[in-house]
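In this text the structure is predicted, and so the values were computed from the model without any measurement. Order of the sequence lines fixes the chain letters, A, B, ..., with proteins taken first and strands second; residue numbering starts at 1 for each chain. Computation of the quantities below employed the complete heavy-atom set of this structure, encompassing side-chain atoms and omitting hydrogens, waters and symmetry-equivalent molecules.
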Amino acid sequence: MSSTVLITIISLSTLGLLAAIVLFFVARKFKVYEDPRIDQVEEALPGANCGGCGFAGCRNFAEALVKAESFEGLNCPVGGSDTMKSAAEILGRVAPEVEPRVAVVRCNGTPEHSPRTNSYDGAPNCTIAHSVYGGETGCSYGCLGLGECVDACDFDAMYMDSVTELPVIIDDNCVACGACVRACPRDIIELRKKSKKERKIYVCCVNEDKGGPARKACKVACIGCGKCQQVCEFDAITIANNLAFIDSDKCKFCRKCEPVCPTGAILELNFPPRKPKEEKEAKVEA
Amino acid sequence: MNKLLKISPSPHVTGKETTGKLMFGVVIALLPALAATIWFFGWAALLVTAVSVVSCVIFEFLITKYILKKTPTINDGSAVVTGLLLAFCLPVNLPVWIIIIGALVAIGVAKMTFGGLGNNPFNPALVGRVFLFLSFPVQMTTWPVPRGFATGYADAETGATALSILNENYDKGNIDSLLNTPGSELPGYSQLFWGEMGGSLGEIAAFALILGLIYMLAKKIITWHIPVSILGTVAVFTALLWLANPSSNIDPLYHLMSGGLLLGAIFMATDYVTSPMSGRGMIVYGIGIGVITVLIRRFGAYPEGVQFAILIMNAFTPLINTYLKPVRFGEEVKHG
Amino acid sequence: MNQIKNFTKGFIKENPVFALFLGLCPTLGVTTSAINGIAMGLATTFVLLMSNIVVSLIKNFIPDKVRIPSFIVIIASFVTIVQLTMQAYVPSLFDALGLFIPLIVVNCVVLGRAEAFASKNSLWSSAVDGTGMGLGFTFALGLLGAVREILGSGSIFNYKFIEGDGMLIFILSPGAFLALGYLIVIVNKLGKKGS
Amino acid sequence: MVIALLTITLIASASLGAVYEVTKGPIAAAMLAKKNEAILFVIPEFNNSPTEDAYSIGTDGDSIFFYPGYNNGELVGTAVESFTNMGFSGKIKVMVGFLPDGSINNYRILEHAETPGLGTKMEPWFRDETGRRSVLGLNPGVNNITVSKDGGEVDAITAATISSRAFLDAIQRAYDNMRKGE
Amino acid sequence: MLKTFPKGGVHPPENKLSSVSPVEVLPTPQQVVIPVSQHIGAPASPVVKKGDMVKAGEVIATGQGFVSANIHSSVSGKVLKIDKMPDSTGYKQLSVIIDVEGDEWDPAIDRSETVVREISLSAEEIVKRCNAMGIVGMGGATFPSHVKLSVPPGKKCDILIINGVECEPYLTSDHRIMIERGEELLTGVTIIMKALGVERAIIGIENNKPDAIENLTSLAAAFSGISVQPLSVKYPQGGEKQLIRALIKREVPSGKLPIEVGTVVHNVGTAVAVYEAVQKNKPLIERVVTVTGKDLARPCNLLVRIGTPVADLINFAGGIPESTAKIVNGGPMMGKAISTPEVPVTKGTSGIILFTEEEAVRNPSGPCIRCGKCITACAMGLEPFLLMTLASRALTERMEKERIMDCMECGSCSYICPASRPLLDYIRLGKQLTGKVIRERSHK
Amino acid sequence: MEYIIIIIAAIFVNNIVLSKFLGICPFIGVSGKVETSLGMAGAVMFVMTIATLVTYLIQTYVLDALGIGFMQTITFILVIASLVQLVEIILKKVSPSLYAALGIFLPLITTNCAVLGVAILAVQQDMNLMQSVVFAIANSIGFGLALVLFAGLREHMDLADIPKSFRGVPIAFVVAGLLAMAFMGFAGIV
Ligand SMILES: Cc1cc2nc3c(=O)[nH]c(=O)nc-3n(C[C@H](O)[C@H](O)[C@H](O)COP(=O)(O)O)c2cc1C
Ligand SMILES: Cc1cc2nc3c(=O)[nH]c(=O)nc-3n(C[C@H](O)[C@H](O)[C@H](O)COP(=O)(O)O)c2cc1C
Ligand SMILES: Cc1cc2nc3c(=O)[nH]c(=O)nc-3n(C[C@H](O)[C@H](O)[C@H](O)COP(=O)(O)O)c2cc1C
Ligand SMILES: Cc1cc2nc3c(=O)[nH]c(=O)nc-3n(C[C@H](O)[C@H](O)[C@H](O)CO)c2cc1C
Ligand code: SF4
Ligand code: SF4
Ligand code: SF4
Ligand code: SF4
Ligand code: FES
């Protein structure tokens with residue numbers, strides 16, 4: 001072995017040794033503990049940082065998960081139960097099963113149903129419009145049609161229909177993150193339980209006015225007459241403030257309520273056609 | 001009254017100023033300089049200007065429409081201003097294809113990549129110019145001498161600009177003799193003022209640029225802060241150098257009127273989009289440009305430094321905007 | 001793991017330069033011509049391949065605590081070997097790449113791969129991964145080099161196809177940044193369309 | 001753990017040492033070859049070994065090296081490794097060959113950081129016969145080898161006057177020091 | 001040089017079409033709709049029922065808590081119903097609807113024309129009386145006046161400022177009051193001075209109302225401690241912080257009230273209302289409203305009962321012109337567009353302006369060109385362009401740091417912006433978001 | 001004067017990031033916010049100065065003395081790696097907030113070309129001890145300047161309307177290109 005090789009070996013080893021020793025002592029002196037599971041959980045999350053969980057980004061949520069006593073109320077809507085399961089596995093806990101949900105727009109105030117009374121000329125933003133005036137129609141509860149919900153959706157699951165001037169949800173893309181629900185200043189959008197074959201039945205109105213004014217503002221407004229509540233056998237329908245609401249967790253999709261509504265405020269979608277009353281069906285779908 | 005009543009948040013009246021009118025005002029302010037350059041360089045100058053303006057507008061149209069898929073924004077006139085100013089800092093004998101590349105870079109790279117009007121951190125026309133300067137140094141530093149009307153400039157006689165002559169001679173210590181020798185290559189003050197000398201299109205005639213400044217100040221298109229702080233800083237800095245060593249430096253007046261300083265200080269440093277927004281910020285920005293300009297002119301490799309100085313201070317603009325806020329109400333006068 | 005996918009991922013989807021934004025200094029620094037870019041890429045590939053192999057061979061013997069230092073020593077050794085070899089047998093290339101040869105040591109791609117892949121996978125996978133990533137890196141550098149050479153010098157692989165000079169700026173530093181910025185967008189657009 | 005690290009270091013350093021041993025020769029040879037090739041290029045044929053007969057003069061914080069070439073004992077030319085700090089981007093190193101009468105036989109740029117496409121034109125420019133570009137055959141002792149802008153006899157590279165000045169400065173420096181050394 | 005505030009401001013065309021029209025009395029309407037919330041603070045709670053007969057000046061709803069105000073019937077007649085009715089924004093609000101029968105007033109009210117100069121009430125009694133009479137600020141904010149008349153413990157007020165600026169274009173109601181009711185006004189000022197315990201009051205009036213300046217200056221000689229100060233014309237000089245700065249060179253710090261710098265600001269209309277409440281026992285049941293517009297047949301100033309439909313006012317002034325595209329309640333810079341002329345006049349209605357299509361249309365907004373004109377225009381020294389961007393991205397933390405809550409919503413920024421950006425629209429949104437965050441934090 | 005030239009050259013003329021292409025990864029990675037970038041600049045300055053000092057000593061008194069110059073790369077990287085780890089451990093304890101801000105980038109300083117590059121450059125340019133240290137400090141200031149300017153520009157762009165496909169890294173490169181272009185103006189100042 002030549003002397004160069006020898007010198008090389010000796011000097012490098014000494015250097016390595018020295019560095020190792022210094023580091024060893026410093027590391028001892030300045031030790032800080034950070035839960036390694038936070039990293040693991042974060043890796044299991046989708047990383048969309050959408051805030052659907054209610055936390056500021058995925059890492060924040062991971063920290064919350066690690067700290068949480070139970071997973072009650074903690075859910076990543078984007079990743080769904082699979083993600084929660086793997087997070088639970090990492091932390092050795094059981095995750096609650098969450099039922100998949102999908103957003104619906106509870107307003108049917110198309111120009112045809114709800115004639116325009118004013119024209120809005122402010123900044124195209126629903127919250128701004130909502131805070132300065134009641135709306136372009138006589139209904140001060142309905143959709144303002146400026147698409148703030150659409151802008152909020154990170155998953156290309158919404159668009160504004162130019163004819164109805166209402167937002168439309170593309171069920172296949174919707175991950176039920178709830179961003180649109182939070183964005184809408186009028187609480188028009190709701191996350192409802194997903195059902196087989198994308199079936200939906202819900203009151204497509206949020207107007208709390210009494211029957212007369214409500215009807216005057218919009219042909220398909222819910223007038224709070226209570227007929228649907230009477231026919232529902234499952235206690236799924238409640239009426240409050242002149243407005244009916246169908247609880248998607250209780251609804252059994254029996255379709256009894258839809259025909260009794262005098263204004264057509266209840267919508268049913270993706271059901272097979274009814275035999276005798278086809279005429280009405282067509283009207284609602286239009 | 002059969003229409004629907006309009007509803008909107010206040011205010012319900014608006015001022016008369018629009019983006020388009022402001023840009024048009026800048027174009028008007030540039031007309032004297034355009035006239036001067038046509039006077040000295042003939043139709044070739046108009047050709048360069050036209051090519052630049054038209055290609056800027058066309059590029060903006062094509063990019064907004066086909067690449068960004070937005071509604072084209074050429075009506076606001078900002079592309080016209082960019083085109084004009086780009087042309088104004090090019091030599092008159094520049095081949096057309098190079099001008100077109102410059103326009104593409106100015107609009108495509110410096111402006112539209114950032115989302116168009118209002119979003120670009122760097123001055124588009126200057127980016128276009130510096131890009132060309134660094135890409136085609138030979139073509140960008142051959143300056144035809146003015147021959148008046150009607151002649152082509154493809155094969156014109158070329159000469160050095162005032163600043164490049166100075167740049168060659170600072171270290172030789174013969175500046176004062178150069179200036180005082182009749183018939184020396186170095187242009188005199190009246191040439192600087194009226195514009196009969198080599199240089200890029202828009203920079204030669206000081207009087208035309210000053211007319212533009214007066215117009216823009218009168219029309220409130222710009223405020224005094226930026227031009228005054230730049231010119232003031234250059235004057236002070238060069239005066240100090242000159243007083244310390246008159247044979248290796250030229251006097252402040254000469255500095256002010258030569259090169260692209262006036263064009264830059266009046267029209268390019270004042271670009272709204274890329275300059276600070278508060279008065280205090282503008283002054284800091286102007287001082288920065290002044291100092292860097294003189295440093296580059298006097299000590300750097302390039303005879304002229306305004307273009308770089310403005311771009312460098314453009315980079316500082318966001319920081320200036322963050323740290324030099326307007327004076328808030330309640331900050332200045334405390335309890336009376 | 002599918003070895004073919006493992007190999008090809010480095011080209012577009014996980015391209016160290018275009019997708020992961022790693023190893024950017026040599027990417028910008030040496031790509032004044034296609035040849036330089038490719039040479040740098042291949043030198044890096046060699047180091048990547050060898051260090052991946054060695055790391056995956058000895059992964060079980062290295063305690064966790066000294067994992068990173070050990071990797072660095074291994075990588076640095078291979079870099080020095082490349083350095084000495086190039087200096088001896090291709091001195092002109094060595095001069096052209098200059099400082100960036102020793103800097104392969106700190107190329108995040110190399111250490112990143114050793115740490116993220118080789119220390120967890122088999123010899124064969126690691127070798128495939130190293131080669132794939134290395135060639136992906138080479139591809140990126142070659143592409144950027146080619147673009148800059150074509151625009152900046154009007155030539156490709158030293159073959160001049162226009163009279164006179166190109167757009168000088170592309171040989172200079174601003175051109176490097178600009179070209180890379182636009183290349184990333186274009187490559188990512190094409191990549192998305194492809195998959 | 002220390003043992004593992006130590007083992008790795010040991011193996012690494014040993015193999016490095018070995019590679020170094022192997023490449024030491026070729027590296028030195030490559031460096032010498034480069035120099036010899038440049039010398040061969042700038043002075044007429046010789047049959048001594050100029051690198052062995054080399055001598056140097058220190059100036060401006062660096063050194064200038066002289067490689068005299070003899071053919072059968074007769075001086076046929078001197079290759080001078082000269083430098084200048086006046087380049088556009090710092091130092092430029094050139095090898096320039098003088099015939100015994102002091103006229104420039106040929107030159108080669110060894111090292112520089114000038115801008116490609118501008119300053120890099122030094123290599124072909126100053127032996128190009130167009131106009132007054134070429135410095136070959138000029139004698140710095142007789143001719144004024146500065147750029148024409150400065151009143152000299154050589155045309156500067158278009159848009160690269162700085163590099164041209166620097167190049168000529170290196171040549172002049174080589175000549176002056178060669179005369180001084182004699 | 002006339003006094004003014006130093007920073008910011010704009011100068012919109014004044015268009016004071018009705019400044020020479022004396023105040024006319026609008027006949028009582030057939031029905032009035034009186035909302036129970038016409039002021040800042042808690043809504044009042046109705047004390048009448050359907051079918052009750054009321055006289056003009058009778059309390060129909062009582063204020064809830066300190067910052068609130070009583071509501072009085074402005075007419076005599078029968079309560080038709082108490083129901084939710086659309087207010088000027090189109091949202092429904094609890095209102096008392098009264099069918100007018102005759103014009104019978106509460107006997108306690110002194111309806112004579114004679115001006116009573118002698119002040120018999122003590123400071124506390126004045127405050128109590130204002131509270132009982134439902135006096136709120138007439139300058140636009142409708143802040144209950146009794147609150148402003150009671151100086152909080154620990155604070156001291158040394159000077160009263162009376163706001164006769166009326167810097168909004170078109171509006172002339174304060175102008176007419178200063179000309180026609182100078183003596184009542186000055187007596188009102190003296191009453192307020194007594195309530196606050198100050199020796200000095202300054203009335204600030206913009207120089208475009210020389211007749212008002214002249215009238216008050218000559219009358220003020222007979223009142224001790226009151227002076228009139230002409231100001232140069234610049235919007236938003238009527239903003240209280242700007243006015244204080246212009247008149248006495250004090251700057252109210254961010255987030256603080258004028259009392260912090262030893263002053264209180266009241267509008268001239270408020271001073272007259274205080275006079276009437278204190279000396280004549282008359283509640284706030286009518287007010288002067290300017291009805292104006294370029295195409296309106298007869299721009300005028302009207303004395304109007306609260307609750308009168310806006311349509312009645314317009315009809316009196318010549319009817320809605322065909323060209324009308326927008327109707328604004330208040331001034332063009334700060335007023336609110338109303339969705340239908342059926343809505344009622346309230347205590348805060350200083351003017352009704354009918355805009356033509358040409359004036360009403362907002363130019364399409366373009367990208368911000370960072371011209372800085374909004375910064376120059378903002379009298380609060382804010383950066384509206386930045387606030388708008390931050391608001392549209394809901395960056396509340398940064399908005400708070402950039403002092404969005406200082407914005408007084410004067411609209412100068414939107415007015416001046418060459419790119420027609422809806423700056424104030426977004427700044428309001430930002431203020432809402434930020435205000436919510438701040439409130440939540442202070443609750444914790 | 002000599003030191004002034006070194007300083008100006010390193011900060012403006014041959015800016016380590018914009019013209020030498022060293023330390024690009026952290027330049028692109030940690031430049032989102034002005035505050036973080038200031039922290040990063042500080043960390044780099046600290047590490048770079050100490051690293052250059054130590055490596056200079058090792059080069060002169062170990063490698064050159066023993067004639068094993070070829071071991072430069074491996075010894076330098078070892079020294080730098082240990083140093084960074086040292087800084088990391090200490091910072092974690094002393095200023096957790098700064099540590100949190102710099103996050104994963106502290107370890108990245110190890111694999112940061114700037115530190116190793118400057119150490120090697122100082123040796124290559126035959127500088128003496130004092131010159132090397134000044135050189136290191138000047139370069140880290142240059143790094144900091146570029147980083148902070150860049151962070152300011154990126155904060156500005158966060159609020160701008162950048163086309164989707166350019167957001168993030170690509171636009172950062174375009175800005176870096178334009179910044180480098182502006183800095184070309186300093187050519188020849190020293
Ligand atoms: C990007 C760029 C690189 C340059 N590189 C060099 C160079 O390497 N050498 C040089 O002498 N001049 C170079 N120059 C030109 C000088 O800045 C200067 O203009 C020139 O040397 C003197 O002008 P002249 O030769 O046209 O008289 C360069 C210019 C640019 C724009
Ligand atoms: C929440 C709030 C509290 C106030 N408290 C007081 C107060 O305690 N004393 C007072 O004199 N004025 C008070 N004011 C009234 C303000 O000083 C001011 O006169 C009022 O907001 C109307 O002014 P503007 O029209 O300029 O907005 C208060 C206002 C608000 C909004
Ligand atoms: C932008 C702006 C402009 C204002 N202009 C006036 C005005 O011209 N006249 C006026 O009396 N009050 C104006 N005010 C309201 C005053 O700030 C303040 O609230 C009022 O003078 C207080 O008196 P009050 O409580 O008696 O209404 C304005 C407020 C703002 C925010
Ligand atoms: C006073 C003023 C100066 C301007 N200066 C320039 C300029 O120097 N360069 C340029 O490209 N555009 C200029 N413009 C046009 C416009 O602002 C510019 O294209 C924007 O930077 C594009 O976003 C100017 C506009 C104004 C109003
Ligand atoms: S539609 Fe609503 S809930 Fe569904 S993904 Fe979009 S934002 Fe989320
Ligand atoms: S649903 Fe809500 S957010 Fe969406 S457009 Fe309608 S009002 Fe706006
Ligand atoms: S509305 Fe607010 S931000 Fe705009 S100018 Fe007025 S105070 Fe300033
Ligand atoms: S006035 Fe309008 S365009 Fe000018 S800076 Fe303000 S928001 Fe931007
Ligand atoms: S490659 Fe240089 S810092 Fe990453």
NZ/Lys20(F) to CG/Leu99(C) distance, rounded to the nearest 0.5 angstrom? 8.5 Å
Side chain to side chain contact (heavy atoms under 4.5 Å, CB included) assessment of Val174(F) paired with Tyr182(C): CA-CA 8 Å; Val174(F) 176; Tyr182(C) 286 94; 3.8 Å; yes
Taking the side chain as every heavy atom from C-beta outward, state whether Phe173(F) and Ile184(C) have any atom pair closer than 4.5 Å. yes
If I take atom CD1 from residue Ile72(C) and atom CD1 from residue Ile80(F), how far apart are they, to the nearest 0.5 angstrom? 9.5 Å
Which heavy atom of Ile77(F) sits nearest to which heavy atom of Ala76(C), and what is that distance? CG2-CB, 3.9 Å
How far apart are the C-alpha atoms of Ile101(C) and Thr73(F), what are their side-chain angles, what is the distance that settles it, and do they pass the side chain to side chain contact (heavy atoms under 4.5 Å, CB included) test? CA-CA 10 Å; Ile101(C) 296 276; Thr73(F) 312; over 6 Å; no
How close do Pro102(C) and Ile120(F) get, counting heavy atoms only, and between which atoms? CB-CD1, 3.8 Å
Between Phe100(C) and Phe21(F), does a ring pair (Phe, Tyr, Trp, His ring centres under 6.0 Å) hold up when you go through it step by step? CA-CA 10 Å; Phe100(C) 290 101; Phe21(F) 302 119; 7.3 Å; no
Taking everything shown except Phe161(C) itself, do over 12 heavy atoms lie less than 6.0 Å from its CZ? yes
State, yes or no, whether a side-chain contact exists between Val106(C) and Val115(F) at a heavy-atom distance under 4.5 Å. no
Would a 4.5 Å heavy-atom cut-off, applied to side chains only, mark Leu84(C) and Phe70(F) as touching? yes
Examine whether an atom of Ala179(C) lies under 4.5 Å from a heavy atom of chain F, and if so say whether it belongs to the side chain, the backbone or both; otherwise answer neither. neither
Within-4.5 Å side-chain heavy-atom neighbours: Ile74(F) and Val79(C): no
Quick one: what part of Thr80(C) sits under 4.5 Å from any heavy atom of chain F, side chain, backbone, both or neither? side chain
Rounded to the nearest 0.5 angstrom, the CG-CG distance for Leu103(C) and Leu116(F) is 5.5 Å
Count the heavy-atom pairs under 4.5 Å between each of Ala182(F), Pro170(F), Gly23(F) and chain C, then report the option with the highest count. Pro170(F)
What part of Leu28(C) gets closer than 4.5 Å to chain F, counting heavy atoms only: side chain, backbone, both or neither? both
Please answer whether the main-chain N or O of Val185(C) pairs with a side-chain N or O of Ser165(F) as donor and acceptor at a distance below 3.5 Å. no
So Ile24(F) and Phe21(C), side chain to side chain contact (heavy atoms under 4.5 Å, CB included) or not? Walk me through it. CA-CA 10 Å; Ile24(F) 308 286; Phe21(C) 312 121; over 6 Å; no
Contacting moiety of Gln87(C), where chain F heavy atoms sit under 4.5 Å: neither
Min side-chain heavy-atom separation Ser173(C)-Met184(F) under 4.5 Å: yes
Side chain, backbone, both or neither: which part of Ile169(C) has a heavy atom under 4.5 Å from chain F? side chain
